[in-house]
Trainee: 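Mind looking over this structure? Questions follow.
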Amino acid sequence: MARILLNNVSKQYGKFKELAVKDFNLDINDQEFLVFLGPSGCGKSTTLRMVAGLEDVSKGEIYIGDNLVNDIPPKDRDISMVFQNYALYPNLTVYENIAFGLRIRKIPKHEIEDAVKRAARVLEIGAFLDRKPRELSGGQRQRVALGRAIVRQPQAFLMDEPLSNLDAKLRVQMRAEIIRLHRSMGVTTIYVTHDQIEAMTMGDRIVVMNRGIIQQVDSPEEIYNRPTNMFVAKFIGNQPMNFFKGTIREIDGHIRFFTKAFNLRLTDQQANMMRNKRLHDYEVVMGIRPEHMGFEKELFETYPHATIEAFLQFNEFIGSDHYYHLDSHGKESFIVRAHPRARYDEGAKVRVAVDMDKALFFDRDSEELLTD
Ligand SMILES: Nc1ncnc2c1ncn2[C@@H]1O[C@H](COP(=O)(O)OP(=O)(O)OP(=O)(O)O)[C@@H](O)[C@H]1O
Ligand SMILES: [Mg+2]
């Protein structure tokens, strides 16, 4: 078990000009479960592979525990890795694949057997222990790869999309198993995914990445509620956050946010921030999640000066909720999440209240969150 530290780490592949990872600084706590989240090609696997020692570090330093590992070969780093493309030994059975790392460490045979059987039970692959990898489905192979990693207690687990080939139900189940394992073993873990639900539910902290650059490192709650920029705001959330372009103006002593279709009065705190920053006539983007707008009476009572008139274009009913797609005066469209009991017909004219305390304002050019 160990703390993992990345200091100004960059990666350049061969002669490619653009860096795959740019100036990464990250301090991962001992026993932490840290998630790398970001779109395809943002540098998640590259970073993980540098920690594992499978890629050279172009610049910077990586520490595992107290050891600078830049020049230490992978086998001496005491890490256990699950690859994105599982890389099993094709000529070994499932049992032998899982046992491999223990055998080369000369662990007694009965201990190996116990460990393999325990892992196989957790991963529901006990029935396939005698098969070769080619005789398994993709999802089964992926679980064998996971099994091979979890039979030992290394300094760190490095997992690269270990659940990507599983069906939805198995994925939820394995997600819970991995967390349970983590709680019981307490091994520092870096977990790569591009699935934001996985990141939110599993991570102690999430590192959101884009184009090789860290965008934000925070707890799931902070990432969800206080995204540092519009990229993070867009990347997190089941339904996308609503964005409105508009201008901050002071009228009759109140600071309001004006779009082409409507205007909303800011909370006192937001108004003070805009005043302190002298942001009159300032162009911003307002972000608000679908669950922070609604039709409930209390919302209208709390925010009487932050309501929007709109037409209901269509309704996505997903069982637990309605997602209403609305249009305001043909100029702004947005999505509102509502309770299944709140029924409106398509084409209806409605008024929606905005939970302004949840509204976020971003600079229109830099796309950074405006904060006090
Ligand atoms: N061996 C390589 N040679 C050159 N460029 C590479 C190599 N491996 C990766 N890259 C590039 O580095 C960038 C980061 O790749 P990486 O595999 O780390 O992305 P990722 O975040 O893991 O994406 P995915 O979610 O698709 O797995 C990409 O632009 C990719 O094209
Ligand atoms: Mg990858």
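Order of appearance sets the numbers: ligands from 1, and atoms from 1 within every ligand. Everything numeric here is computed off the predicted structure, so don't read it as measured data.
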Trainee: Spell out, as yes or no, whether a donor-acceptor pair under 3.5 Å connects the side chain of Asp345 to the backbone of Ala348.
Mentor: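 Answer holds: no.
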Trainee: Starting from atom 9 (C) of ligand 1, find the nearest protein heavy-atom neighbour and note its residue, name and distance.
Mentor: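 The closest one turns out to be Tyr13 CE1, 3.4 Å.
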Trainee: With salt bridge (Lys or Arg N to Asp or Glu O under 4.0 Å) as the criterion, how do Arg275 and Glu250 come out once you've worked through the C-alpha distance, each side chain's angles and the decisive distance to 0.1 Å?
Mentor: CA-CA 9 Å; Arg275 280 203 186 93; Glu250 180 153 7; 3.2 Å; yes
Trainee: Starting from atom 15 (O) of ligand 1, locate the nearest protein heavy atom and write down its residue, its atom name and how far away it is, to 0.1 Å.
Mentor: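 For atom 15 (O) of ligand 1, the nearest protein heavy atom is Thr46 OG1, 3.6 Å.
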Trainee: Which donor-acceptor pairs under 3.5 Å do the side chains of residues 40-59 make with protein atoms, sequence neighbours left out?
Mentor:
| unit_1 | atom_1 | unit_2 | atom_2 | d |
| --- | --- | --- | --- | --- |
| Lys44 | NZ | Gly38 | O | 3.0 |
| Lys44 | NZ | Pro39 | O | 3.1 |
| Ser45 | OG | Gln84 | OE1 | 3.1 |
| Ser45 | OG | Asp160 | OD1 | 3.4 |
| Ser45 | OG | Asp160 | OD2 | 2.6 |
| Thr46 | OG1 | Tyr13 | OH | 2.9 |
| Thr47 | OG1 | Gly43 | O | 2.7 |
| Ser58 | OG | Gln12 | N | 2.7 |
| Ser58 | OG | Gln12 | O | 3.4 |

Trainee: Would Glu55 count as a contact of ligand 1 if the rule is a heavy atom under 4.0 Å away?
Mentor: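 Heavy atoms of Glu55 never come under 4.0 Å of ligand 1.
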Trainee: Is the backbone of Leu170 close enough, under 3.5 Å, to the side chain of Asp167 for a donor and an acceptor to pair up by distance?
Mentor: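 Yes, Asp167 side chain to Leu170 backbone: donor-acceptor pair under 3.5 Å.
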Trainee: At less than 4.0 angstrom from any non-hydrogen atom of Gly43, what atoms of ligand 1 do you find?
Mentor: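 Taking each heavy atom of Gly43 in turn, ligand 1 has 14 (C), 18 (O), 19 (O), 20 (P), 21 (O) under 4.0 Å.
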Trainee: Provide, to 0.1 Å, the distance between atom 25 (O) of ligand 1 and the closest protein heavy atom, together with that atom's residue and name.
Mentor: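 Nearest neighbour among protein heavy atoms for atom 25 (O) of ligand 1, to 0.1 Å: Lys44 NZ, 2.8 Å.
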Trainee: In terms of side-chain heavy atoms, does Tyr344 have a donor or acceptor partner in Asn315 at a distance below 3.5 Å?
Mentor: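 Asn315 and Tyr344 do not have a side-chain donor-acceptor pair below 3.5 Å.
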Trainee: Which residues pass the ring-ring contact (aromatic ring centres under 6.0 Å, His included) test with Phe36, not counting sequence neighbours?
Mentor: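 Result, ring-ring contact (aromatic ring centres under 6.0 Å, His included) vs Phe36: none returned.
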Trainee: Heavy-atom contacts with Ser45 under 4.0 Å: which atoms of ligand 1 show up? List them by number with element.
Mentor: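 Going through ligand 1 atom by atom, the ones under 4.0 Å from Ser45 are 17 (O), 18 (O), 20 (P), 22 (O), 27 (O).
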Trainee: Do Val285 and Phe361 come within less than 4.5 Å of each other through their side chains, counting heavy atoms only?
Mentor: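 Of all side-chain heavy-atom pairs linking Phe361 with Val285, none is under 4.5 Å.
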Trainee: Any atoms of ligand 1 less than 4.0 Å from a non-hydrogen atom of Phe16? List them with their elements.
Mentor: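 Once the distances to Phe16 are compared, the set is 4 (C).
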Trainee: Examine distances only and state if a side-chain atom of Arg77 and a backbone atom of Val69 form a donor-acceptor pair shorter than 3.5 Å.
Mentor: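 Yes.
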Trainee: Heavy atoms only, cut-off 4.0 Å: how does Glu18 contact ligand 1, side chain, backbone, both, or neither?
Mentor: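 None of Glu18 does.
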Trainee: Measure the distance from atom 27 (O) of ligand 1 to every protein heavy atom, then report the residue, atom name and distance (to 0.1 Å) of the closest one.
Mentor: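 For atom 27 (O) of ligand 1, the nearest protein heavy atom is Gln84 NE2, 2.9 Å.
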Trainee: Ignoring hydrogens and angles, state whether a donor on the side chain of His325 or Glu316 is under 3.5 Å from an acceptor on the partner side chain.
Mentor: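 There is such a pair (donor and acceptor under 3.5 Å, judged by atom type) between the side chains of His325 and Glu316.
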Trainee: Pull out every atom of ligand 1 sitting under 4.0 Å from any heavy atom of Cys42, numbered as shown with elements.
Mentor: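 Contacts of ligand 1 toward Cys42, numbered from 1: 19 (O), 21 (O).
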Trainee: What pairs with Glu291 under side chain to side chain contact (heavy atoms under 4.5 Å, CB included), at least two apart in sequence or on another chain?
Mentor: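 Testing Glu291 for side chain to side chain contact (heavy atoms under 4.5 Å, CB included), a comparison that skips the adjacent residues, returns Tyr224, Arg289, Arg337.
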Trainee: Please state which protein non-hydrogen atom is closest to atom 28 (C) of ligand 1 and give its distance, to 0.1 Å?
Mentor: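 Ranking protein heavy atoms by distance from atom 28 (C) of ligand 1, first comes Gly41 O, 3.6 Å.
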Trainee: Below 4.0 angstrom from a heavy atom of Glu161, which ligand 1 atoms are there? Numbered from 1 as shown, please.
Mentor: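 Listed by number with element, the hits are 25 (O).
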Trainee: Return the closest protein heavy atom for atom 26 (O) of ligand 1 as residue, atom name and distance.
Mentor: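 Residue, atom and distance for the closest contact: Ser40 OG, 2.5 Å.
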Trainee: Does a side chain donor of either Glu124 or Gln173 reach within less than 3.5 Å of an acceptor in the other side chain?
Mentor: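 Note: Glu124 and Gln173 side chains meet the donor-acceptor criterion.
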Trainee: Identify which protein N/O/S atoms are less than 2.8 Å from the Mg ion (ligand 2).
Mentor: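 Only Ser45 OG, Gln84 OE1 fall inside 2.8 Å of the Mg ion (ligand 2).
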Trainee: Taking the side chain from Gln313 and the backbone from Tyr324, do they hold a donor-acceptor pair closer than 3.5 Å?
Mentor: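 No, the answer is negative, given that no donor and acceptor are paired below the 3.5 Å cut-off.
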Trainee: Is it true that a side-chain atom of Thr189 and a backbone atom of Val187 form a donor plus acceptor pair closer than 3.5 Å?
Mentor: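 Yes; judged by distance alone, with no hydrogens or angles, the pair exists.
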Trainee: Does the protein put a heavy atom less than 4.0 Å from atom 4 (C) of ligand 1?
Mentor: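 Flag for atom 4 (C) of ligand 1 set to true, protein heavy atom closer than 4.0 Å.
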Trainee: Look at atom 22 (O) of ligand 1 and say whether a protein heavy atom is found at less than 4.0 angstrom from it.
Mentor: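 Within 4.0 Å: yes, protein heavy atom nearby.
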Trainee: Flag Thr47 as yes when one of its N or O atoms lies below 3.5 Å from any N or O atom of ligand 1, and as no otherwise.
Mentor: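 No - when backbone and side-chain N and O of Thr47 are compared with those of ligand 1, no distance drops under 3.5 Å.
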Trainee: Report yes if the side chains of Met293 and Ile288 come closer than 4.5 Å at any heavy-atom pair, otherwise no.
Mentor: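 The answer is yes, as the side chains (C-beta and beyond) meet within the 4.5 Å cut-off.
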Trainee: For Ala20, take its heavy atoms, then give the atoms of ligand 1 lying under 4.0 Å from any of them.
Mentor: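 Answer for ligand 1: 12 (O), 13 (C).
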